[in-house]
Amino acid sequence: MKCPFCGFEESKVIDSRPTDEGERIRRRRECTQCSKRFTTYEIIENVPIIVVKKDKSREEFDRDKLFRGILRSCEKRPVSIDTIDSLVDSIEASLQNSLDREVTSVHIGEMVMDKLKAVDEVAYVRFASVYRQFKDINTFMDELAKLLREK
């Protein structure tokens with residue numbers, strides 16, 4: 001960290017404490033050359049995840065949109081809001097932890113289906129029917145048959 005007084009590039013941290021409910025860290029530093037003290041703040045850099053849609057348009061990842069889609073497929077099913085929230089947390093964490101800053105909507109849809117299949121099969125089929133745009137009853141039946149074979 002460059003000293004604001006003399007421009008020297010080395011300093012030592014004298015004190016650190018969290019601020020803004022743990023969102024930032026306030027650090028008191030001392031320049032190792034001129035011995036003057038100054039304050040810096042450290043924050044987490046949030047790099048947005050960009051979703052590339054099927055029509056090649058791009059939009060920023062929207063956690064609420066994902067939540068609403070999963071919630072809709074779990075309607076009138078014995079799936080708690082906490083379970084849906086943890087599914088969304090898990091998917092969002094996977095996306096944040098990946099090195100990719102752009103992810104396709106297809107990839108996100110597959111992640112949702114993998115997780116929903118383990119939670120509630122009816123919710124999985126509902127989500128898949130919208131996501132994969134089933135054209136007719138045969139496509140729907142193929143997905144059900146595949147689900148039964150996996151059991």
Side-chain angles (χ1 to χ4, degrees), residues 1-134 143 146-147 149-151:
M1 183 63 58
K2 191 182 269 191
C3 173
F5 303 104
C6 69
F8 193 65
E9 293 191 8
E10 289 186 35
S11 63
K12 61 183 178 183
V13 176
I14 297 170
D15 180 44
S16 290
R17 61 181 70 173
T19 61
D20 299 333
E21 296 177 12
E23 295 294 320
R24 299 188 315 167
I25 295 178
R26 177 184 183 268
R27 297 197 194 280
R28 285 294 293 159
R29 296 178 175 271
E30 184 178 292
C31 176
T32 55
Q33 183 169 315
C34 70
S35 299
K36 290 193 179 180
R37 293 182 176 186
F38 57 98
T39 302
T40 61
Y41 291 90
E42 183 177 309
I43 61 170
I44 295 174
E45 181 182 20
N46 288 324
V47 179
I49 297 169
I50 303 299
V51 178
V52 181
K53 300 176 81 169
K54 289 178 183 176
D55 66 357
K56 303 293 183 215
S57 65
R58 287 168 164 69
E59 67 180 44
E60 193 169 332
F61 174 76
D62 184 354
R63 185 186 198 294
D64 293 331
K65 188 174 179 180
L66 180 62
F67 183 87
R68 286 190 309 271
I70 295 173
L71 181 64
R72 197 170 300 121
S73 67
C74 293
E75 218 168 74
K76 298 182 182 178
R77 298 296 306 153
V79 180
S80 70
I81 294 293
D82 290 339
T83 302
I84 295 170
D85 216 21
S86 68
L87 283 174
V88 173
D89 287 344
S90 172
I91 292 167
E92 186 176 25
S94 294
L95 295 172
Q96 288 287 349
N97 291 334
S98 76
L99 297 176
D100 300 327
R101 291 296 122 214
E102 285 191 353
V103 63
T104 64
S105 59
V106 172
H107 180 66
I108 294 173
E110 294 297 327
M111 291 173 75
V112 170
M113 287 192 298
D114 285 345
K115 299 213 179 281
L116 269 179
K117 192 184 293 185
V119 172
D120 187 277
E121 291 173 341
V122 173
Y124 161 77
V125 172
R126 284 178 176 172
F127 188 88
S129 69
V130 173
Y131 172 72
R132 291 198 174 136
Q133 300 174 339
F134 292 167
E143 190 68 31
K146 188 169 91 175
L147 189 62
R149 278 193 306 273
E150 288 176 4
K151 278 188 145 186

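For Val13, the side chain to side chain contact (heavy atoms under 4.5 Å, CB included) partners at least two apart in sequence or on another chain are Ser16, Arg27, Arg29. Among residues two or more places apart in sequence or in another chain, the side chain to side chain donor-acceptor pair (under 3.5 Å) test is passed with Thr19 by none. Considering only residues two or more places apart in sequence or on other chains, Arg17 meets the salt bridge (charged side-chain N to carboxylate O under 4.0 Å, His left out) condition with Asp15. Scanning for side chain to side chain donor-acceptor pair (under 3.5 Å) contacts around Ser94 gives an empty result, with sequence neighbours left out. Under the side chain to side chain contact (heavy atoms under 4.5 Å, CB included) criterion, Glu9 pairs with Lys2, not counting sequence neighbours. Contacts of Asp82 classified as side chain to side chain donor-acceptor pair (under 3.5 Å), with partners at least two apart in sequence or in another chain: none. Residues satisfying the side chain to side chain donor-acceptor pair (under 3.5 Å) test with Gln96, not counting sequence neighbours, are none. Arg72 is linked by a salt bridge (charged side-chain N to carboxylate O under 4.0 Å, His left out) to nothing, counting only residues two or more places apart in sequence or in another chain. Remark: Arg77 pairs with Asp120 by the salt bridge (charged side-chain N to carboxylate O under 4.0 Å, His left out) rule, at least two apart or across chains. For Asp55, the side chain to side chain contact (heavy atoms under 4.5 Å, CB included) criterion is met by Lys53, Ser57, not counting sequence neighbours. Take Lys65 and apply the salt bridge (charged side-chain N to carboxylate O under 4.0 Å, His left out) test, not counting sequence neighbours, and it matches Glu59.
Judged by distance alone, the side chains of Thr83 and Ser80 do bring a donor and an acceptor atom under 3.5 Å apart.
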inquiry  = Working note: Ile91 + Leu95, criterion side-chain contact (heavy atoms from CB on, under 4.5 Å); need CA distance, chi angles, decisive distance, verdict.
reply    = CA-CA 6 Å; Ile91 292 167; Leu95 295 172; 4.2 Å; yes
Where do Glu30 and Phe38 land on the side-chain contact (heavy atoms from CB on, under 4.5 Å) test, with the steps shown first? CA-CA 6 Å; Glu30 184 178 292; Phe38 57 98; over 6 Å; no
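No donor-acceptor pair under 3.5 Å is formed between the side chain of Arg37 and the backbone N or O of Cys31. Remark: the backbone N or O of Ala93 is paired with a side-chain donor or acceptor of Asn97 at under 3.5 angstrom. Thr32 places a side-chain N or O within 3.5 Å of a backbone atom of Glu10 that can act as its donor or acceptor partner.
Within 6.0 Å of NZ in Lys54 there are more than 12 heavy atoms belonging to other residues, nucleotides or ligands.
Residues Ser11 and Cys3 form no side-chain contact, since every pair of their non-hydrogen atoms from C-beta on lies 4.5 Å or further apart. Within the 4.5 Å cutoff, no side-chain heavy atoms of Phe61 are placed close to those of Ile50. Inter-residue side-chain proximity for Phe67 and Ile81 is flagged as met; some heavy-atom pair is nearer than 4.5 Å. The shortest distance between side-chain heavy atoms of Val103 and Val52 does not fall below 4.5 Å. No side-chain heavy atom of Val51 sits under 4.5 Å from any side-chain heavy atom of Glu60.
Nearest heavy-atom pair, Leu116 versus Phe127, reported as atom, atom and distance to 0.1 Å: CD1-CB, 3.6 Å. Considering all non-hydrogen atoms of both residues, Cys74 and Arg126 come closest at C-NH1, 4.0 Å. In terms of heavy atoms, Tyr124 sits closest to Met113 at CD1-O, 3.4 Å.
From Tyr41, atom OH reaches atom CZ of Arg24 across 6.0 Å, with rounding to the nearest 0.5 Å. One finds the CD1 atom of Ile70 at 7.5 Å from the CD1 atom of Ile84 (value rounded to the nearest 0.5 Å).
Sorted by first and then second residue, the side chain to side chain donor-acceptor pair (under 3.5 Å) pairs involving residues 99-109 (not counting sequence neighbours) are Arg58-Glu102.
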